[in-house]
Protein chains: 2
Amino acid sequence: MIDKCLCKLISEEEIDKILGQLPTDDTIAKLAEFFKVFGDPSRLKLLYFLSRSELCVADLASLAKMGQSAVSHQLKTLRLSRFVKTRKEGTVVYYSLEDMHIQSLFDVALEHIGEEA
Amino acid sequence: MIDKCLCKLISEEEIDKILGQLPTDDTIAKLAEFFKVFGDPSRLKLLYFLSRSELCVADLASLAKMGQSAVSHQLKTLRLSRFVKTRKEGTVVYYSLEDMHIQSLFDVALEHIGEEA
DNA sequence: CTCCTATATGAATGTGTGTTCATATATAGA
DNA sequence: TCTATATATGAACACACATTCATATAGGAG
């Protein structure tokens with residue numbers, strides 16, 4: 001855990017400043033949870049479809065070529081992280097995007113991996 | 001895999017259009033890999049420190065309160081995904097950010113989780 | 001050449017996670 | 001009420017992954 005080298009490219013004061021502005025563990029944990037949601041191809045596909053239209057679970061499964069249960073589990077993840085919202089109509093549950101910042105995230109990511117949006 | 005319901009809130013033509021514009025599996029996989037890198041608290045911390053200063057491995061370990069080996073493994077991940085670059089000076093390896101889009105990603109994420117940057 | 005230090009790496013381990021299967025819940029229709 | 005359909009959920013399984021430990025590599029000092 002402790003290593004000797006303190007290369008000291010930066011001063012002690014700078015180190016203190018950097019450590020002082022370090023986000024809390026709680027904030028860092030929330031950030032990681034945020035990005036983890038986007039770290040799965042299935043969820044990305046579902047989010048893509050929902051970015052184009054409100055859709056029910058069965059349609060999402062059909063479009064994404066996934067099992068109904070898998071879709072439902074992933075939608076729960078997306079619901080808990082407040083990326084999608086639901087609208088119920090009889091037995092059918094319609095999902096849609098709740099957070100519209102998603103597209104700008106994708107743009108930055110696509111630029112990094114070298115594909116154009 | 002196949003469910004009966006096709007709620008048809010949208011037309012067949014719209015479905016075809018959505019499917020036609022669906023990014024390739026390869027692109028989606030790369031996107032997921034991109035976000036997965038940010039889905040870990042340790043890597044987020046390292047990226048935060050590197051956003052403030054160029055730093056060597058030992059200093060990163062000290063600042064992040066992580067073992068040297070753990071840091072080195074994570075830096076390898078960050079290197080492979082082209083988020084950091086290295087500069088060697090004797091036996092010391094200095095790491096720094098390669099992709100400057102990172103801050104804007106964090107801003108969107110912080111806004112979503114309700115913390116201000 | 002030898003020792004020490006900085007970093008990298010491979011194996012092992014524990015933990016987390018996505019999918020599937022089976023089943024539960026809920027609502028509409030007959 | 002009985003049946004069929006849409007969705008949700010829990011358990012199990014397989015796989016991925018972050019850390020640790022031990023060790024390898026590499027460069028500087030003596």
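Note that the structure is predicted; figures quoted are calculated from it, not measured. Chain A is the first sequence line, chain B the second, and so forth, proteins listed ahead of strands; every chain is numbered from 1.
- In this structure, the CD atom of Q74(A) is 14 Å from the C1' atom of dG16(C), given to the nearest Å.
- Between the CG atom of L46(A) and the P atom of dG18(C) there is a distance of 12 Å, given to the nearest Å.
- Where T91(A) and A70(A) meet DNA chain D, the nucleotide closest to each residue was compared, and T91(A) sits on the side nearer the 5' end.
- Following rounding to the nearest Å, Y94(B) (OH) and dA6(C) (P) show an atom-to-atom distance of 10 Å.
- Between L63(A) atom CG and K45(A) atom NZ the span is 10.0 Å, to the nearest 0.5 Å.
- One atom, CG of L80(A), and another, P of dG18(C), lie 13 Å apart when rounded to the nearest Å.
- Taking the centre of each ring, F38(B) and F83(B) come in below the 6.0 Å mark.
- Donor-acceptor pairing under 3.5 Å, judged by distance alone, is present between the side chain of S69(A) and the base of dT9(D).
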Practice prompt. Begin with the C-alpha distance, continue with both residues' side-chain angles, and end with the deciding distance and a verdict on side chain to side chain contact (heavy atoms under 4.5 Å, CB included) for Q21(B) and R52(A).
Written response: CA-CA 10 Å; Q21(B) 295 178 348; R52(A) 298 317 198 75; 2.5 Å; yes

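- The side chain of V92(B) has dT7(C) as its nearest neighbour among dT7(D), dG18(C), dT7(C).
- In terms of position along DNA chain C, the nucleotide closest to T77(A) lies nearer the 5' end than the nucleotide closest to the other residue of the pair K88(A) and T77(A).
- As a whole-Å value, the separation of D40(B) CG from dT17(C) C1' is 14 Å.
- Whole-Å rounding puts the K45(A) NZ to dG18(C) C1' distance at 14 Å.
- Protein atom CG of L44(A) is 15 Å distant from nucleotide atom C1' of dT17(C), rounded to whole Å.
- Salt-bridge annotation for E14(A) and K17(A): absent, with no side-chain N of the basic residue lying under 4.0 Å from a carboxylate O of the acidic one.
- Put simply, the side chain of Q68(B) and the base of dA6(C) share no donor and acceptor less than 3.5 Å apart.
- Considering only heavy atoms from C-beta on, L22(B) comes within 4.5 Å of F49(A) through its side chain.
- For dT19(C), the base is not stacked against the aromatic ring of H73(A), per a cut-off of 5.5 Å between centres and 30° between planes.
- Taking 4.0 angstrom as the limit, K36(B) places none of its side-chain polar atoms (N or O) nearer than this to OP1 or OP2 of dA16(D).
- When rounded to the nearest whole Å, the span between CG of L60(A) and P of dA6(D) equals 14 Å.
- Between K76(B) and dT9(C), a side-chain N or O to OP1/OP2 separation shorter than 4.0 Å is present.
- In terms of position on DNA chain C, the residue among G39(A) and E89(A) whose nearest nucleotide sits closer to the 5' end is G39(A).
- Taking side-chain N and O atoms only, Y95(A) has a distance below 4.0 Å to OP1 or OP2 of dA8(D).
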